[in-house]
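Sequential numbering from 1 along the given sequence is applied to the chain's residues. What's counted below: heavy atoms across the whole structure, side chains too, no hydrogens, waters or symmetry copies.
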Amino acid sequence: ITYEVKAPAGARLLTPTGNQSVKKPFGELTTQITVQGDQVTVKRSIRLDQLSYSPVAYKELRTLLNVWNDPNQLVLLFGK
């Protein structure tokens, strides 16, 4: 998923930029936030390497999915 946002006039991005990655033995989640001028680009991806998971792996799978679904991971904060 990639989306671009134009910063409001006079505002700057307060959300940290860069790459975030959560790796598990069965998959990976990555988020990249970059800024060019007033344009903010967010790229998010999730890769799951298995179709089914054992009860032992469920806790780690849930952790990965909770990070992906966390609404705070979808918010860009701007300030003056």
Joint cluster assignment, [X] & [Y], ILVMFWY side-chain distance < 4.5 Å:
X: Leu14; Y: Leu74; result: no
X: Leu29; Y: Leu76; result: yes
X: Val22; Y: Val75; result: no

Show the nearest heavy-atom pair for residues Val67 and Gln73, with the distance to one decimal.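 Closest approach of Val67 to Gln73, heavy atoms only: O-CG, 3.4 Å.
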
What pair of heavy atoms forms the shortest contact from Ser52 to Gln50, and how long is it?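 What the structure gives for the nearest pair is O-NE2, 2.9 Å.
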
So, Asp70 side chain and Asn66 main chain: donor-acceptor pair closer than 3.5 Å or not?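 No, the answer is negative, given that no donor and acceptor are paired below the 3.5 Å cut-off.
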
Contacts of type ring pair (Phe, Tyr, Trp, His ring centres under 6.0 Å), residue Phe78, not counting sequence neighbours: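 Phe78 satisfies ring pair (Phe, Tyr, Trp, His ring centres under 6.0 Å) with no residue once adjacent residues are dropped.
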
Kindly compute the distance separating CG (Leu65) from OH (Tyr58), expressed to the nearest 0.5 Å.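 Atom-to-atom, Leu65:CG and Tyr58:OH are 8.0 Å apart.
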
If you measure from CZ on Arg12 to CG on Asp38, what distance do you get to the nearest 0.5 Å?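 Atom-to-atom, Arg12:CZ and Asp38:CG are 15.0 Å apart.
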
Side chains of Val5 and Tyr3: closer than 4.5 Å at any heavy-atom pair?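 Heavy-atom side-chain distance check passes, below 4.5 Å.
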
Evaluation steps, side chain to side chain contact (heavy atoms under 4.5 Å, CB included), between Ile33 and Leu13: CA-CA 10 Å; Ile33 301 174; Leu13 181 67; 4.0 Å; yes

Below 3.5 Å, can you tabulate the donor-acceptor pairs from side chains in residues 39-49 to any protein atom, sequence neighbours excluded?
unit_1	atom_1	unit_2	atom_2	d
Gln39	NE2	Glu4	OE1	3.3
Arg44	NH2	Trp68	O	2.9
Ser45	OG	Thr30	OG1	2.6
Arg47	NE	Asp49	OD1	2.8
Arg47	NH1	Glu28	OE1	3.2
Arg47	NH2	Asp49	OD2	3.2

Set of salt bridge (Lys or Arg N to Asp or Glu O under 4.0 Å) partners for Lys24, sequence neighbours left out: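 With neighbours one apart ignored, the set is Glu60.
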
